[in-house]
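Working notes, structure below.
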Amino acid sequence: MIDKQHLINRFIGYVTVDTESDPESDTTPSTMKQWDLANALVEELKSIGMEEVTIDEHAYIMATLPSNVDHEVPVIGFISHFDTTPDFTGANVKPQIIENYNGKDIVLNETENIILSPDDFEELLLYKGKTLITTDGTTLLGADDKAGIAEIISAMEYLIQHPEIKHGKIRVGFTPDEEIGRGAHKFDVQKFGAEWAYTMDGSQVGELEYENFNAAGAVVSIKGKIVHPGYAKGKMINSMYIATDFINSLPRLETPEHTEDRQGFFHLYSIKGGVDDTKLQYIIRDHDREHFEARKEMLLKLADDINEQYEREAVTVEIKDQYFNMREKIEPVMHVVDIAEEAMKKAGITPLIKPIRGGTDGSQLSYMGLPCPNIFAGGHNFHGRYEYVPVESMQKAIEVIVNIAQLTAERA
């Protein structure tokens, strides 16, 4: 398979370019610095021999590996995103390479006493003897999802260098702004031209996901009435007290810290307020579509109840759907999952088929007409200083991509 050091060099070249996205921006990409890596990826795709390499005005990259068989094969695709999350800084990333990991604490930053420990992250013990790439403790790493990009490009390079491996036409796509929920918004599915695709954006080896949350965002606006506190009796209405009533009326155990697997939740992630007005911001998540709709109704009903109590419109709720569970779009074409599962087994990997407690570009793309399950990219502890990726996991992801290409041609 692909040379280990070559893969390490490729990945480090990507993560040392700052591509943090910005949810406050209304441009695409949301930050100009995403262009730095995007333009470099275009040149790299050309240099390894990919064809039809394009980048549009919004930094969406597409490229083609032509078929090398003479029979009809479905066009498939592989997709990853090059932005990193604004949750934690991605500037001045200084990767550290830990050869032959010994299963003990890793000192990420001696000066600041930042330790990556299996006591806190027990899955580290899965990688004893492996080569880990970590942060220096002051930034994220960017394996989410630059590991996916490195794997896709490396797999395409391998297929180009080994024409004896038969495959149909393969399309690759790299997107901006996935981390702020916009990665698929301006993705041209028709131009991409694949029958189905896979996002390489999961975590540990074996992950294969075709279910995700249904998702919505809610803004709860609460109006009070401010008067001088010395003369407030019977007149003042404190919006923060109403907000407290609203918060406490929702199921306390249906929050992220108390749920797992397919359990949904209400997540209050922002409160801003004073006596006169308070704003609550929630995200609503549930795998089950009926439960998801019931959660939205619960917020609206709660607002009505409070308004009736105060005999005024004290509370208004604005809800916007964000994305839906791609399962209903994948199940009619389950062969796309079956092929990925077989590709993993062929690589000696036990598939871990489980629901995503989140969303990917694939969830939106599936509703745009491009069925798109999610496959592991190998990284752990995304969005923070403890992020790391085993190089051997990236090599396995490359092997899975190659196997998918080969199996798709064989089954056609």
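Only this structure's heavy atoms are used, side chains among them; waters, hydrogens and symmetry mates stay out. Given the structure is predicted, the values throughout are model-derived calculations rather than measurements.
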Q | Trace of the salt bridge (charged side-chain N to carboxylate O under 4.0 Å, His left out) decision for K169 with E195 | A | CA-CA 11 Å; K169 180 178 178 179; E195 288 193 31; over 6 Å; no
Q: Would you sort out whether R10 and E157 count as a salt bridge (charged side-chain N to carboxylate O under 4.0 Å, His left out), showing the intermediate values?
A: CA-CA 12 Å; R10 171 170 280 152; E157 185 176 40; 3.0 Å; yes
**Q.** Heavy-atom pair with the smallest gap, counting every atom of T16 and V93
**A.** CG2-O, 3.6 Å
(Q) For L116, run the side-chain contact (heavy atoms from CB on, under 4.5 Å) check against L132, V107, I106 and tell me which one passes. (A) I106
Q.
Within this structure, what is the OG1-NE2 distance for the pair T259 and H267, rounded to the nearest 0.5 Å?
A. 10.5 Å
Q) Is it true that a side-chain atom of N109 and a backbone atom of T111 form a donor plus acceptor pair closer than 3.5 Å? A) yes
Q | For I160 against I48, the heavy-atom pair lying closest together | A | CD1-O, 3.2 Å
Q) Is there a donor in the side chain of S25 and an acceptor in the side chain of S30, or the other way round, less than 3.5 Å apart? A) no
(Q) One pair to check against side-chain hydrogen bond (donor to acceptor under 3.5 Å, both in side chains): T131 and E99. What are the steps and the verdict? (A) CA-CA 5 Å; T131 299; E99 300 276 4; 3.1 Å; yes
Q.
Apply salt bridge (charged side-chain N to carboxylate O under 4.0 Å, His left out) to residues E51 and K46 and explain how you reach the verdict.
A. CA-CA 7 Å; E51 299 183 11; K46 292 176 180 176; over 6 Å; no
Q: For the pair Y60 (side chain) and G183 (backbone), establish whether a donor and an acceptor sit closer than 3.5 Å, ignoring hydrogens and angles.
A: yes
Q: Just grab all the ring-ring contact (aromatic ring centres under 6.0 Å, His included) pairs involving residues 380-412, residues at least two apart or on different chains.
A: F121-Y386, Y127-H380, H380-Y388
(Q) As an exercise, state the distance from CG of D288 to NE2 of H291, rounded to the nearest 0.5 Å. (A) 4.5 Å
**Q.** Residues in side-chain hydrogen bond (donor to acceptor under 3.5 Å, both in side chains) contact with D361, at least two apart in sequence or another chain
**A.** T175
Q. Is the closest side-chain donor-acceptor distance between D145 and S80 under 3.5 Å?
A. yes
**Q.** Short side-chain to backbone donor-acceptor contact, Q96 and L108, under 3.5 Å
**A.** yes
Q: Flag the pair K186 and D177 as a salt bridge only when some basic side-chain nitrogen lies within less than 4.0 angstrom of an acidic carboxylate oxygen.
A: no
Q: Verify whether one side chain among D56 and H58 offers a donor that lies under 3.5 Å from an acceptor in the other.
A: no
Q.
Assess the residue pair N325 and D286 against the criterion (side chain to side chain contact (heavy atoms under 4.5 Å, CB included)); give the C-alpha distance rounded to whole Å, side-chain angles, the decisive distance to 0.1 Å, and a yes or no.
A. CA-CA 9 Å; N325 190 343; D286 209 297; over 6 Å; no
Q: Step by step, work out the side chain to side chain contact (heavy atoms under 4.5 Å, CB included) result for Y101 and K130.
A: CA-CA 6 Å; Y101 172 56; K130 307 298 185 184; 5.5 Å; no
**Q.** Validation row: I153, M156 side chains within 4.5 angstrom (heavy atoms)
**A.** no
Q. Does any donor atom in the side chain of Q34 or T31 lie under 3.5 Å from an acceptor atom in the other side chain?
A. yes
Q) Going through the distances and angles, do R285 and Q322 end up as a side-chain hydrogen bond (donor to acceptor under 3.5 Å, both in side chains)? A) CA-CA 10 Å; R285 300 290 188 266; Q322 296 168 323; 2.9 Å; yes
Q) Passes salt bridge (charged side-chain N to carboxylate O under 4.0 Å, His left out), K354 versus E209? Steps please. A) CA-CA 6 Å; K354 60 185 185 63; E209 300 154 327; 3.2 Å; yes
Q: For the residue pair K146 and T19, confirm or rule out a side-chain donor-acceptor distance under 3.5 Å.
A: yes
Q) For A377 and A147, which heavy atoms make the closest approach, and how far apart are they? A) O-CB, 3.8 Å
Q: Please round to the nearest 0.5 Å and tell me the distance separating atom CD1 of I8 and atom NE2 of H6.
A: 11.5 Å
Q.
Just so I know, are the side chains of F11 and I149 near enough to count as touching, which here means a heavy-atom distance under 4.5 Å?
A. no
Q | Within-4.5 Å side-chain heavy-atom neighbours: L250 and Y282 | A | yes
(Q) For a quick check under 3.5 Å, do K272 and Q281 share a side-chain donor-acceptor pair by atom type? (A) no
Q: Would you kindly say whether R385 and T135 are connected by a side-chain donor-acceptor distance under 3.5 Å?
A: no
Q: Measure from the side-chain N and O atoms of E387 to the backbone N and O of D144, and report whether any donor-acceptor pair falls under 3.5 Å.
A: yes
Q) Of the non-hydrogen atoms in L141 and I133, which two are nearest, and what is the gap between them? A) CD2-O, 3.5 Å
Q) Should the pair F324 and Y367 be assigned to parallel (<30°), tilted (30 to 60°) or perpendicular (>60°) ring geometry? A) tilted
Q.
For a quick test of reading the model, state the closest non-hydrogen atom pair linking C372 to I330 and the distance between them.
A. N-CD1, 3.4 Å
Q: Look up atom CD1 in I375 and atom OG1 in T199, then write down how far apart they are to the nearest 0.5 Å.
A: 7.5 Å
Q | Identified salt bridge (charged side-chain N to carboxylate O under 4.0 Å, His left out) partner of E211 from the options K329, R327, R357, R289 | A | R327
**Q.** For F78, ring-ring contact (aromatic ring centres under 6.0 Å, His included) partners two or more places apart
**A.** Y198
Q | Pair D105, S117: side-chain N/O donor-acceptor within cut-off below 3.5 Å | A | yes
Q | Spacing of CG belonging to D22 relative to OG1 belonging to T27, to within rounding of 0.5 Å | A | 8.0 Å
**Q.** Minimal non-hydrogen separation, G224 against R312, with atom names
**A.** O-NH2, 3.6 Å
Q: Cation-pi check, R295 to F266: give yes when NZ or CZ is under 6.0 Å from the six-membered ring centre and within 45° of the ring axis, no otherwise.
A: yes
Q: Measure from the side-chain N and O atoms of N214 to the backbone N and O of F292, and report whether any donor-acceptor pair falls under 3.5 Å.
A: no
Q | Sidechain-backbone polar pair: D261 side chain, Q263 backbone, donor-acceptor under 3.5 Å | A | no
Q. Are K345 and E342 close enough for a salt bridge, meaning some N to O gap below 4.0 Å?
A. no
Q: Start with the C-alpha gap between F82 and I61, add the side-chain angles, then the distance that decides, and say whether side chain to side chain contact (heavy atoms under 4.5 Å, CB included) holds.
A: CA-CA 10 Å; F82 49 77; I61 300 167; 4.1 Å; yes
Q) Just by modelled atom types, is the R171 backbone N or O under 3.5 Å from a matching donor or acceptor in the T64 side chain? A) no
Q: Please test D338 against R411 for side chain to side chain contact (heavy atoms under 4.5 Å, CB included), starting from the C-alpha separation and ending with a verdict.
A: CA-CA 11 Å; D338 297 340; R411 288 188 172 195; 4.3 Å; yes
(Q) I'd like to know whether F174 forms a ring-ring contact (aromatic ring centres under 6.0 Å, His included) with F187, so could you lay out the CA-CA distance, the side-chain angles of the two residues, the decisive distance to 0.1 Å, and finally the verdict. (A) CA-CA 10 Å; F174 302 138; F187 190 96; over 10 Å; no
Q.
Rounded to the nearest 0.5 Å, what separates atom CG in D201 from atom CD in E207?
A. 10.0 Å
